[in-house]
Amino acid sequence: MNFNNKTYDVIVVGAGHAGCEAALAAARMGCSTLLLTIDMDKIAAMPCSPSIGGMAKGQLVKEIDALGGQMAKITDSSAIQFRTLNTRKGPAVHSTRTQNDKSLYSRNMKTILEQTPNLDLKQAMVHELILEKDRVKGIIDNTGFTWLASCVVIATGTFLRGAIHIGASKIEAGRAGEFAAVNLGKNLEDFGFEMGRMKTGTPPRLHADSIDFNQFRVHGSDEMITPFSFSTSKIITPMLPSYMGNTNLNTHNIVRENLKYSALYGGHIKGRSARYCPSFEDKIVKFPERESHHIILEYEGLNTKEIYASGLGNSLPLEIQYQIVRSVSGLENAQIMRPAYAIEYDYINPVELTSGLETKKIKHLFLAGQVNGTSGYEEAAAQGLWAGINAACKVQKRDNFILDRSQAYMGVMVDDLVTRGTSEPYRMFTSRAEYRLILREDNADLRLAAIGHDLGLVDKETLDRCCKIKAQTQEEIARIRQTNVKPSQKANNFLSEKGSNPIKTGIKLEQLLKRAELNYDVVKSLGPPDTAILSRAQKQVEIEVKYEGYISRQHNEIKKFKDLEKIKIPEYFDYAKAYGLSNELREKLEKIGPKSLGQASRTDGMTPAAISVLMVAVAACQKQKNRLT
């Protein structure tokens, strides 16, 4: 007898970073939500790096926060080091990165989940989906228990038929010590999804007391900490350093001599590995000219002796891992607490998805995270938020939640995935975002808070704060454009102290602020506003003025982009009638089913000539429909 009489609005399968964000979004939007996880003690686990953010990933975390997600807040509550990357470059590529207490991160997220109204958290392994025609109706777990729902979000990470490799040893597992979701992987394959295998990995964990840290360079936290969440007012966790070192030729020779024992190079692994985050064996093989590679040692938490040895990830037998580790200066006596390993798992080609991350084959079924071929906690969390919002919108009969490439990094990521698919683990980079000067970390809430508020995920106080920052920014820019600074001893002394040329005639305050060596302090010193403005607004003024030309150019590019996006391709459009398209391109377009000419233009292999052909064919199709109606 099944004692479960409750039908949920949304069921989320998997409580990693994607699953947590999906469940919280759906519940906070008023949907009755069930979050299922194999192990309640591993919620929002950090099985690889104990860190959040980094280049482009930091932008994703800020956007999650701006839309009302949880990752940034949990990060701030568990961070043990903060660093802002790329500070010597322009604001478009500034990215926040934290080192975190991974146990504290998991506990804090679990607490939030347990306290969230409309959200049930239960331990179960999902074996199969329940379908009614072409629509998902619920799931069946490994005990045969049935859970029913209007929508299901699958966020299984590396668990779909996951297999851990350490040398010739192969263990069915989603992570070290955890069961793999074998049945669910087979179930999805039986439904006809285009599936593949991917590979990732993690380095060894070393005992801190066995390391000579004096042989490494110390990297501490930034003195001026900028929290991840726009709502965090204070960081209360202690900060810990990380340590940088290098491998050597002896280390590399050990790998070369033992490559045949590597799971990756010994033929045991078939899945595609991440090009941008290679294992140590990959580095030695692909960069034979390098005499050393960086190693970063990071604490995994405040109350643990485990040290994450970034840069030494491999799939070699444990005895060889010891040789590799102990060949590094400072690690001669290191004890390995957990061995490095590679993990191989199933993913579904994301061209199987709509822009809302709903599967095309099965209605009301959404996918988020590594099951879509991505890598990284941040990419997963952003997709989880996206899928959770769209599942709630489906239940509530609201329009899909879609952000385009000009609105957010997560819009770039989702568009890349559903338009181009991926055959290797997809990682976010600033270079993928063509409008990155507009999509900065510092303005994520100013861009997205209103959207989050409309969804019911951002409160009125937060929205009002963002509106005030934007209003003050525009008012201050207008003021300094009109404010004239006359030559004076005070003005020229200030400019001299800043290494800037003196002025001999009157000059607009805006022109002074455009000087590379000056910041908003020039405004506060030589032409302050009558009333104080928020520090966030001051920063926006400085960026908007200094990069005015570049920002204006990107807005013009966005207008062209939007014009193409406005030309919709009807669902009934027959690509066979677009005479002039190559067969290869026609097959790709039929598979992807782009919603607009803009999306079609980003299909791999698309050319300006093909876009022209498509534009003419779409216009002809619409004219014919108009005549018939």
Side-chain angles (χ1 to χ4, degrees), residues 21 25 56-69 71-72 91-95 230 350 353-357 368 374 378-379 381-390 392-393 398-420 426 428-458 462-463 466-467 469-470 473 540 543-544 547 550-568 594-602:
E21 294 292 349
K57 293 170 177 283
Q59 279 84 339
L60 286 174
V61 179
K62 291 278 190 177
E63 290 176 355
I64 291 166
D65 185 62
L67 286 166
M71 176 174 261
V93 293
H94 290 180
S95 300
F230 294 103
L353 306 174
T354 69
S355 294
L357 297 184
T374 58
E378 304 82 3
E379 289 89 344
Q383 290 173 74
L385 179 67
W386 191 292
I389 291 173
N390 276 306
C393 287
R398 298 168 65 171
D399 290 340
N400 280 350
F401 162 77
I402 306 291
L403 298 174
D404 66 39
R405 301 179 74 89
S406 70
Q407 292 177 289
Y409 266 76
M410 62 174 72
V412 173
M413 174 179 64
V414 171
D415 184 65
D416 281 350
L417 291 171
V418 303
T419 303
R420 297 180 176 133
Y426 177 98
M428 196 69 234
F429 292 104
T430 53
S431 59
R432 294 191 192 273
E434 52 269 69
Y435 311 120
R436 55 187 169 274
L437 186 52
I438 306 295
L439 309 180
R440 306 184 307 273
E441 262 200 2
D442 61 81
N443 69 359
D445 58 338
L446 309 183
R447 289 184 277 118
L448 301 173
I451 297 172
H453 181 263
D454 288 344
L455 292 165
L457 297 174
V458 172
T462 299
L463 180 63
C466 291
C467 290
I469 292 169
K470 289 196 285 187
T473 299
Q540 294 304 306
I543 293 171
E544 293 282 341
Y547 297 91
Y550 297 104
I551 291 172
S552 177
R553 189 182 307 163
Q554 288 215 337
H555 280 303
N556 289 333
E557 291 169 356
I558 288 171
K559 183 181 181 303
K560 295 176 184 176
F561 159 77
K562 296 276 191 184
D563 289 342
L564 272 181
E565 294 297 312
K566 289 176 184 175
I567 303 175
K568 301 301 180 184
K595 300 296 183 185
S596 69
L597 209 59
Q599 187 181 0
S601 72
R602 296 186 291 277

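If you're wondering where the values come from, they're calculated on a predicted model, not measured in any experiment.
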Kindly say whether Asp416 contributes a backbone atom to a donor-acceptor pair with the side chain of Arg602 at under 3.5 angstrom?
no

Give, for atom CG of Leu437 and atom CD of Gln554, the distance between the pair rounded to the nearest 0.5 Å.
5.0 Å

Close side-chain approach of Met428 and Val412, heavy atoms under 4.5 Å:
yes

Compute whether any side-chain donor of one residue and acceptor of the other, for Glu544 and Thr473, lie under 3.5 angstrom apart.
no

So, the side chain of Asp65 versus the backbone of Ala72: is there a donor-acceptor pair under 3.5 Å, distance only?
no

Just how far is it from atom CG of Leu403 to atom CE of Met410, taken to the nearest 0.5 Å?
6.5 Å

Quick check: do Glu441 and Ser95 have side-chain heavy atoms less than 4.5 Å from each other?
yes

Quick one: does any side-chain atom of Gln59 pair with a main-chain N or O of His94 as donor and acceptor, under 3.5 Å?
yes

Glu21 side chain to Met71 backbone, donor-acceptor under 3.5 Å:
yes

More than 12 non-hydrogen atoms from neighbouring residues, nucleotides or ligands closer than 6.0 Å to NZ on Lys595, yes or no?
no

Looking at Asp399, I'd like to know if its CG atom is crowded, meaning that more than 12 non-hydrogen atoms belonging to other residues, nucleotides or ligands lie closer than 6.0 Å.
no

Report the residues that fulfil ring-ring contact (aromatic ring centres under 6.0 Å, His included) with Tyr550, sequence neighbours left out, ordered by chain and then residue number.
none

Taking C-beta and beyond as the side chain, do His453 and Thr462 meet within less than 4.5 Å on heavy atoms?
no

Can you see which heavy atom on Ala66 is nearest to which on Ala444, and at what distance?
CB-O, 3.4 Å

Do the side chains of Ile551 and Ile438 get nearer than 4.5 Å, heavy atoms only?
yes

Heavy-atom closest pair, residues Gly356 and Ile402:
N-CD1, 3.6 Å

One pair to check against side-chain contact (heavy atoms from CB on, under 4.5 Å): Tyr426 and Arg432. What are the steps and the verdict?
CA-CA 11 Å; Tyr426 177 98; Arg432 294 191 192 273; 3.1 Å; yes

Distance-only, no hydrogens or angles: does the Asn390 side chain make a donor-acceptor pair with backbone N or O of Phe401 under 3.5 Å?
yes

Salt bridge (charged side-chain N to carboxylate O under 4.0 Å, His left out) with Arg405: of Glu434, Glu565, Glu557, only one passes, and it is Glu434

Nearest heavy atoms of Leu455 and Cys393, plus distance in Å:
CD2-SG, 4.3 Å

Judged by atom type as modelled, is there a donor-acceptor pair below 3.5 Å linking the side chain of Trp386 to the main-chain atoms of Gly411?
no

Distance (rounded to the nearest 0.5 Å) between Leu597 CG and Leu564 CG:
5.5 Å

Would you indicate whether the side-chain heavy atoms of Gln540 and Asn443 approach each other to under 4.5 Å?
yes

So which heavy atom on Ala25 is nearest to which on Leu385, and how close?
CB-CD1, 3.8 Å

Shortest non-hydrogen contact from Tyr409 to Ala56?
CE2-CB, 4.0 Å

How many angstroms lie between atom NE2 of His555 and atom CZ of Phe561, to the nearest 0.5 angstrom?
14.0 Å

Indicate yes or no: at least one non-hydrogen side-chain atom of Leu417 is less than 4.5 angstrom from one of Gln383.
yes

Cation-pi check for Tyr547 against Arg440: NZ or CZ below 6.0 Å from the six-membered ring centre and within 45 degrees of the axis, yes or no?
no

Among side-chain atoms of Asp415 and Gln599, is any donor-acceptor pair under 3.5 angstrom?
no

Among residues at least two apart in sequence or on other chains, which ones pass ring-ring contact (aromatic ring centres under 6.0 Å, His included) with Phe230?
none

Between atom CG of Leu60 and atom CG of Leu439, what is the distance when rounded to the nearest 0.5 Å?
10.5 Å

Closest approach of Ala450 to Leu463 (non-hydrogen atoms, all atoms of both residues)
CA-CD1, 3.6 Å

About how many Å separate CD of Gln407 and CD of Glu63, when rounded to the nearest 0.5 Å?
10.0 Å

